[in-house]
There are 2 protein chains.
Amino acid sequence: MKITALEEYGLRCMLLLADKGSGIPLTITEISTKEGLSIPYTGKLLMILKQAGLVKAVRGRKGGYSLTRPPEEMALREIFDALGEPFFGPHHCGRYTGDNDVCVHNEDCKVRDMWTTFERFIGSILGRVMLADLAVGEYDFARILEARSEPG
Amino acid sequence: MKITALEEYGLRCMLLLADKGSGIPLTITEISTKEGLSIPYTGKLLMILKQAGLVKAVRGRKGGYSLTRPPEEMALREIFDALGEPFFGPHHCGRYTGDNDVCVHNEDCKVRDMWTTFERFIGSILGRVMLADLAVGEYDFARILEARSEPG
DNA sequence: TTAATACTATACAAAAAAGTAAAGATATTT
DNA sequence: AAATATCTTTACTTTTTTGTATAGTATTAA
């Protein structure tokens, strides 16, 4: 039950871009310096985020990366989905089949049902907390859950 | 953001022991057969659970594993803590330091604060859902959160 | 048009997690 | 006491994840 490296570092990069504002893009070099990451690894991260449509790249001089949307409209859920599988995703049961081709509990599984509920619970939070909330330091989940409706 | 193999399989073994009742212990061989896992791997899992004090072992004939406490008193949280680190644990920041010895955001980190809140949120659920709830198919988290007080 | 700057893609190396193998120690039953 | 069934320990192999290296492509400003 762990946060992966891509998720952790990817979120940090997104936050950096959110803080910067959408004016001037940030280069890979700048991002890598500010986050203490290597340049190739930073490039890899940004590439993943770009392919998910969360950031856009401008080449050449004065180029760099910036967000495709204002951080107020970017849910943490989208960011994590871009950087890895969800907590309990569609591949879970096919992945943990033990020694068999298909899980022993395939027909009826209490653990699966529990994870499904759990995933939905977590998703309802991450879908409503926006990158802008993070930038401002707002993560009172209970209040956010109350104030905002389920995301579309 | 993923569930580890140890957590998934370990939880299944615990559920199996909970269903069995605390009378006759289950052997590694029985557990491995019922869960579709190899015998050595099952042994490894049970050893971890034993060292955490969640199960006890009896050697020799008629031996095997059983729960140390009734499943009504065993929170999912304890089980996951035994099988791996918590979602956002004390080692997180020391682990994701990029190329430096200490994380660039060590002084003031919005991501860290967010994870802390998030971890507490998840913990408040997992601390109140018991293994017995799972066995019965009860995982209406909202209701459980409402009905039960914060665990000690 | 040229050189500098920046992103893109592919292949590879290192570290961590997952899973296996085999020999050893302990308890119970006969 | 001996045989058997069980847990226990250590070391090893495989797979996945992380992170690196390098060569290539595109854009812009002078």
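Lettering follows sequence order; numbering is per chain, from 1. Only this structure's heavy atoms are used, side chains among them; waters, hydrogens and symmetry mates stay out.
- Mapped onto DNA chain D by nearest heavy atom, A:Leu6 and B:Thr29 fall at different nucleotides, with B:Thr29 at the one closer to the 5' end.
- Comparing C:dA9, D:dT18, D:dG19 against the side chain of A:Tyr9 picks out D:dG19 as the nearest.
- Across B:Arg128 and B:Ile144, no two heavy atoms sit closer than the pair O-CG2, 3.8 Å.
- Annotation: proximity of residues 79-87 of chain A to DNA chain C (heavy atom, distance under 4.0 Å) is found for no residue.
- The CG-P distance, from A:Leu46 to C:dA6, rounds to 13 Å in whole Å.
- Contacts classified as side-chain hydrogen bond (donor to acceptor under 3.5 Å, both in side chains) and involving residues 111-120 of chain A (residues at least two apart or in different chains) are given here: A:Arg77-A:Glu119, A:Asp113-B:Tyr139, A:Trp115-B:Glu8.
- Under the 30°/60° scheme for interplanar angles, the aromatic rings of B:Phe88 and B:His92 are found to be tilted.
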Per-nucleotide protein contact along nucleotides 11-16 of chain D, 5' to 3', at a 4.0 Å heavy-atom cut-off (B base, S sugar-phosphate only, - neither), is -----S

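- Salt-bridge formation is not detected for the pair B:Glu85/B:Arg95: no Lys NZ or Arg NE/NH1/NH2 atom is positioned less than 4.0 Å from an Asp or Glu carboxylate oxygen.
- Salt bridge status for B:Arg148 with B:Asp133: present, with a side-chain N to carboxylate O gap under 4.0 Å.
- Residue pairs meeting the ring pair (Phe, Tyr, Trp, His ring centres under 6.0 Å) criterion with at least one partner in residues 29-58 of chain B, sequence neighbours excluded, are B:Tyr9-B:Tyr41.
- When hydrophobic clusters are built by joining Ile, Leu, Val, Met, Phe, Trp and Tyr residues whose side-chain heavy atoms come closer than 4.5 Å, directly or via intermediates, B:Met74 is not grouped with B:Val136.
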Does the pair B:Leu45 and B:Leu37 meet the rule for a side-chain contact (heavy atoms from CB on, under 4.5 Å), with working shown?
CA-CA 10 Å; B:Leu45 276 173; B:Leu37 303 172; 3.9 Å; yes

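- Distance A:Ile48 CD1 to C:dC7 P: 16 Å, rounded to the nearest Å.
- With rounding to whole Å, B:Met1 atom CE is found 18 Å from D:dT17 atom C1'.
- One interatomic measurement links the two molecules: CG of B:Leu26 to P of D:dT6, which rounds to 11 Å at whole-angstrom precision.
- Across all strands, A:Gly43 comes closer than 4.0 Å to no nucleic acid atom at all (heavy-atom distances).
- Protein atom CD of B:Glu8 is 16 Å distant from nucleotide atom C1' of C:dG19, rounded to whole Å.
- Put simply, B:Tyr41 has no side-chain N or O that comes within less than 4.0 Å of OP1 or OP2 on C:dA17.
- The stretch residues 53-62 of chain B participates, sequence neighbours left out, in no side-chain hydrogen bond (donor to acceptor under 3.5 Å, both in side chains) pair at all.
- If you take CD1 of A:Ile39 and P of D:dT20, they are 11 Å apart, rounded to a whole angstrom.
- Closest to the side chain of A:Ile28, from the set C:dC7, D:dT8, C:dA18, is C:dC7.
- Separating the CG atom of A:Asp99 from the C1' atom of C:dA18 is a distance of 12 Å, rounded to the nearest angstrom.
- Linking ILVMFWY residues whenever their side-chain heavy atoms come closer than 4.5 Å, directly or via other members, places B:Phe121 and B:Val129 in the same cluster.
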For nucleotides 22-30 of chain D, just jot down a letter per nucleotide in 5' to 3' order: B, S or -, based on protein non-hydrogen atoms under 4.0 Å.
---BBBSS-

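- Transitive grouping of hydrophobic side chains (ILVMFWY, heavy atoms separated by less than 4.5 Å) brings A:Ile28 and A:Leu83 into a common cluster.
- Taking only side-chain nitrogens and oxygens, B:Ser38 comes nearer than 4.0 Å to OP1 or OP2 of C:dT20.
- For the pair A:Lys56 NZ and C:dT8 P, the computed distance is 14 Å after rounding to whole Å.
- Between B:Leu54 and B:Glu78, the shortest heavy-atom distance links the atoms CD1-O, 4.0 Å.
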